[in-house]
Number of protein chains: 2
Amino acid sequence: MRRDIFQAIADPTRRAILVLIAVQAMTPNGIAEHFDITRQSISKHLRILSECDLLAQKQEGREIFYELKIEKMKEIDIWLDQFRKIIEERFQNLDQLLFTLKNKKK
Amino acid sequence: MRRDIFQAIADPTRRAILVLIAVQAMTPNGIAEHFDITRQSISKHLRILSECDLLAQKQEGREIFYELKIEKMKEIDIWLDQFRKIIEERFQNLDQLLFTLKNKKK
DNA sequence: TATTTGTGAAGCCGATCGGTTGCGCATGTA
DNA sequence: TACATGCGCAACCGATCGGCTTCACAAATA
């Protein structure tokens, strides 16, 4: 089963989990308190996020603390870059056009 | 069926379509040439993207040109902002810590 | 030691996904 | 008028999703 970060953030619950554990490491039970679904479902989401290599985990006794590897969010940012680039190019062209029009006017 | 932009970009084919029609408007047939799936599948993807209000379309005779409303990509960018903010805060705190350490040293 | 607590894994289930084929229909063209 | 083309829609299908319940097991606690 091939997973990627875009699939990871497709689910709204998973997005909310990511935001939670971006700030601080949390246990599955701790996370589950914020939602109306079972602890096991949360665990399943954490497993998916782990498979995307988005999580760091640290065991403390019988508790496991999960935290977002926040720098992984850059992958999305990088994907967005192509659109920013296109927007930028259009802006440049528009600028060029305005410049040309202005010169014609004179 | 509730759709959002995060679900829209979850599928790799859909992401590729978005990139294609970000540059210029294209017909379903034109888009389909770039993929190994049927024209109908492409249409299905376009429908999903439309439901997320990501597309502008223009009819020309029997052809329909689809184009990405590129500014809609900002929604993803805005979601990423929360993580940027957290990173920034950590950087500030680190800076503060280094400053404190430096003063103690003196 | 016996019990409680925190966790992951497995199996179930209805809903959805992402592809397919087979239409119907409007628009161009011979 | 007849035919070809471009398109959307509906039905089908196997795979996956995102919940759930049940279980096993290790760690903490009585």
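So that the names make sense, note that chain A is the first sequence line, chain B the second, and so on, each numbered from 1. FYI, side chains are in, hydrogens and waters are out, and symmetry mates aren't considered; it's all heavy atoms of this structure. Just so it is clear, the model here is predicted, and its values are computed rather than measured.
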Visitor: Could you grab the distance from atom CG of L49(A) to atom CZ of R14(A), nearest 0.5 Å is fine?
Guide: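 Separation between the atoms: 6.0 Å.
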
Visitor: Please enumerate all residues that pass salt bridge (charged side-chain N to carboxylate O under 4.0 Å, His left out) together with K72(B), with sequence neighbours excluded.
Guide: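 Partners of K72(B) by the salt bridge (charged side-chain N to carboxylate O under 4.0 Å, His left out) criterion, ordered by chain and then number, come out as D53(B).
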
Visitor: Measure the distance from CE on M26(B) to C1' on dC7(D) and round it to the nearest whole Å.
Guide: 15 Å

Visitor: Which ring-ring contact (aromatic ring centres under 6.0 Å, His included) pairs, counting each pair once, include a residue from residues 38-82 of chain B, with sequence neighbours left out?
Guide: F6(B)-W79(B), W79(B)-F83(B)

Visitor: Are any of S41(A)'s side-chain N or O atoms less than 4.0 Å away from OP1 or OP2 of dC20(D)?
Guide: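 Answer is yes, contact under 4.0 Å.
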
Visitor: Contact list please: residues 11-22 of chain B against DNA chain C, heavy atoms, distance less than 4.0 Å, in numerical order.
Guide: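 Nucleic-acid contacts, sorted: D11(B), T13(B), R14(B).
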
Visitor: Show every salt bridge (Lys or Arg N to Asp or Glu O under 4.0 Å) that has at least one partner inside residues 82-94 of chain A, sequence neighbours left out.
Guide: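 Qualifying pairs: D77(A)-R84(A), D81(A)-R84(A), R84(A)-D77(B), R90(A)-E67(B).
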
Visitor: If I take atom CG in residue D4(A) and atom C1' in nucleotide dT16(D), what distance separates them, rounded to the nearest angstrom?
Guide: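 Going from CG in D4(A) over to C1' in dT16(D) covers 14 Å.
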
Visitor: Rounded to whole angstrom units, what separation is found between the CZ atom of R3(B) and the C1' atom of dT16(C)?
Guide: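 It is 9 Å, rounded to the nearest whole Å.
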
Visitor: Less than 4.5 Å apart, any side-chain heavy atom of L54(B) and any of I5(B)?
Guide: yes

Visitor: What distance separates I87(A) CD1 from Q82(A) CD, expressed to the nearest 0.5 Å?
Guide: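 It comes to 11.5 Å.
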
Visitor: Does any N or O in the side chain of R15(B) come within less than 3.5 Å of the main-chain N or O of A10(B), such that one atom is a donor and the other an acceptor?
Guide: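 Such a contact is found between R15(B) side chain and A10(B) backbone.
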
Visitor: In this structure, how many angstroms lie between the P atom of dT16(D) and the CD atom of Q7(A), rounded?
Guide: 10 Å

Visitor: Taking protein heavy atoms under 4.0 Å as touching, what does nucleotides 6-12 of chain C look like 5' to 3' if B marks base contact, S marks sugar-phosphate-only contact and - marks none?
Guide: SBBB-B-

Visitor: Whole Å only: how far is the CD1 atom of I31(B) from the P atom of dG19(C)?
Guide: 14 Å

Visitor: Return each pair, listed once, that meets salt bridge (Lys or Arg N to Asp or Glu O under 4.0 Å) where at least one residue sits in residues 23-45 of chain B; pairs must be two or more places apart or across chains.
Guide: none

Visitor: Return the value, rounded to whole Å, for the distance between atom CZ of F35(A) and atom P of dG18(D).
Guide: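 So the CZ-P distance, F35(A) to dG18(D), works out to 14 Å.
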
Visitor: Any non-hydrogen side-chain atom of L80(A) less than 4.5 Å from a side-chain atom of L80(B)?
Guide: yes

Visitor: Over how many whole Å does the gap from Q59(B) atom CD to dC7(D) atom P extend?
Guide: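 Nearest whole value for this atom pair: 9 Å.
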
Visitor: Specify the separation, in whole Å, of atom NE2 of H45(B) and atom C1' of dC9(D).
Guide: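 Roughly 16 Å, once rounded to whole Å.
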
